[in-house]
Amino acid sequence: MRTPSEPRGRAVVPPLAPAAAAAALAPPRLPASAAEVVPLARRAAAAGVPVLVTAPAGADRLRLARALHALGARDGPLVAVTGRRPPLDRLPAGASLYVEPATLAPETALALDALADDGAVWVVAGVEPGAALPAPLAARLVTVVLAVPPLADRRQDVPALATGVLDALAARTGGHAARLSSGALARLVAHDWPGDVAELERTLVGAALRAGDAEIVTEHLGLGPAAAATPAAPAASSAFGAELEFVLAELAHELRNPMVTIKTYADHLPQLLEDADLRRRFAALTDDAITRIDDLLDNLLAFARLGPPHPAPIELPALLDRVVADVEPALGGRAVRVRHAGAGHCTVDPEHLAFALKNLFAGVAREVPPREELVADASVNGVVTLRFAAAGAALERLRKLAAPGETTTLADPTLQPLAFRLARSVLERNGGSLTVVADGEAATTLVVNLPTEHTGRG
């Protein structure tokens, strides 16, 4: 708000409380990579070194500037300026200045460059991710960069952000925080959030008001049906080669353990000939190892024989029934219980989707602790969620399973289970995607997003 003494185009911004500032500059409001820059930004404030905040408008760049100012121990106020030629003269001593340099006229950019010379005024600049900076300022403003990617690029943060929004709303109203159904959570994760965090907040506040004391379900969100996933462009031959290299490496990795069992059996043949109990134990281990090898090779052959996708309308609950029946032996062996509900639909190749879900169920069964429940939910069109217990190292491992291309290399000694890579590859071939998100302190949700309309591919 502009005070009567402030020139037009300039306003002293109300201070932000320290607790609110700390929350604005920590996960989940900021991704971990950006939160790690905050201590450096606070030291920059003390030294008068400019800080550049790259964030979508919906991430509230001004609030981030207010938070940095509050924690930066500046003596003066935070002054925000707007327009192509905002007044930059007669700023209070010790002030922080928030400005969006991409909007400035060339002569104003030069004036701002000169203003930052002596450090008397601390400059916090806000721009859209990827925006070009005026030439006179570009070199000066990239010393300390607080980079906040669009919410659509950090969907794993949506559940924690949603919980924070609902907790803050409950604190204001004095009631209990509203709870999200698994379908509503999946719909939030699947949404693209063009309005970023501000849109997420509006959506959740409206949903909580509509839900009242009840659990927030998908209909309360008001987001409409999930958009059809956009099929990825055909991979270049180099990308295919890299993917094939990973598949072969993971196959070799998974074959190694059963082969070691068989080799050990052969090495102990002299003792086995004399010890009947040892013979029986090693025979059982060897049978299991051979079965694992057969299953791995059968699965890889099934993957190779899938062919191009032929999309068709699918009722997800019926397909889940068939998949669960097929994988029941593997699930039963780990004492994992499965229940599913809802009447969602999608439009993909039924054989491809069944293959992908079987591999996901089998892969999750290997990651879930014994006697834990695995919940499959198909209540949202185009979305299947698998919710189960996993936290800490197990959660980080599962996040790598969803996007191994970014975090895994062939030098990694802990290559990921082949089932996950094959499932992810088939989902992407059909225009779908796979996301792993934390859902509370000890639970994890695997979110499969699928097209709901025929895209003409296949």
Side-chain angles (χ1 to χ4, degrees), residues 1-3 10-82 86 91-92 94-103 112 116 119 121-129 131 141-151 153-154 157-158 160-169 171-172 193 195-202 204-205:
M1 179 176 179
R2 186 173 66 90
T3 64
R10 190 166 85 185
V12 174
V13 179
L16 198 62
L25 296 174
R29 188 79 186 198
L30 289 187
S33 58
E36 291 173 356
V37 180
V38 171
L40 180 61
R42 295 178 67 173
R43 293 196 292 273
V49 175
V51 170
L52 178 66
V53 177
T54 66
D60 199 346
R61 293 189 290 266
L62 179 56
R63 183 177 181 83
L64 294 175
R66 292 173 67 199
L68 290 170
H69 174 76
L71 299 183
R74 301 289 296 179
D75 295 331
L78 174 64
V79 179
V81 295
T82 59
L91 291 166
S96 301
L97 178 68
Y98 176 73
V99 62
E100 302 210 341
T103 66
L112 183 62
V121 173
W122 181 46
V123 176
V124 180
V127 296
E128 290 286 321
L141 291 181
V142 295
T143 303
V144 179
V145 179
L146 187 73
V148 183
L151 188 55
D153 292 344
R154 53 186 187 109
D157 294 337
V158 169
L161 279 168
T163 299
V165 171
L166 295 175
D167 286 346
L169 180 62
R172 292 201 299 269
W193 302 114
D196 213 77
V197 175
E199 183 188 0
L200 175 65
E201 290 177 332
R202 292 194 304 271
L204 287 168
V205 169

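Starting from 1, each residue takes its place in the sequence as its number.
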Identify every side-chain donor-acceptor pair in residues 17-46 under 3.5 Å, counting partners at least two apart or on other chains, and give the distances.
unit_1	atom_1	unit_2	atom_2	d
R29	NH1	E201	OE2	2.6
R42	NE	L71	O	3.0
R42	NH2	L71	O	3.4

Minimum heavy-atom separation for [X] to [Y], with atom names?
{"X": "V13", "Y": "A80", "result": "CG2-CB, 3.6 Å"}
{"X": "L68", "Y": "W122", "result": "CB-CH2, 3.9 Å"}
{"X": "P149", "Y": "R154", "result": "O-NE, 3.6 Å"}
{"X": "L161", "Y": "V197", "result": "CD1-CG2, 4.5 Å"}
{"X": "L200", "Y": "A162", "result": "CD2-N, 4.4 Å"}

Compile the donor-acceptor pairs under 3.5 Å between side chains in residues 47-66 and protein atoms, sequence neighbours left out, one pair per line.
unit_1	atom_1	unit_2	atom_2	d
D60	OD1	R63	N	3.1
R61	NE	E100	OE2	3.3
R61	NH1	A55	O	2.5
R61	NH1	E128	OE2	2.8
R61	NH2	E100	OE1	3.3
R61	NH2	E100	OE2	3.3
R66	NE	P14	O	3.1
R66	NH2	P14	O	3.2
R66	NH2	P15	O	3.4

Tell me whether R74 contacts the main-chain N or O of A95 through its side chain, where contact means a donor paired with an acceptor under 3.5 Å. yes

Consider side chain to side chain contact (heavy atoms under 4.5 Å, CB included). Of L112, V81, V79, T103, which one does P86 pass it with? V81

Drop me the distance from D153's CG to W193's CH2, to the nearest 0.5 angstrom. 14.5 Å

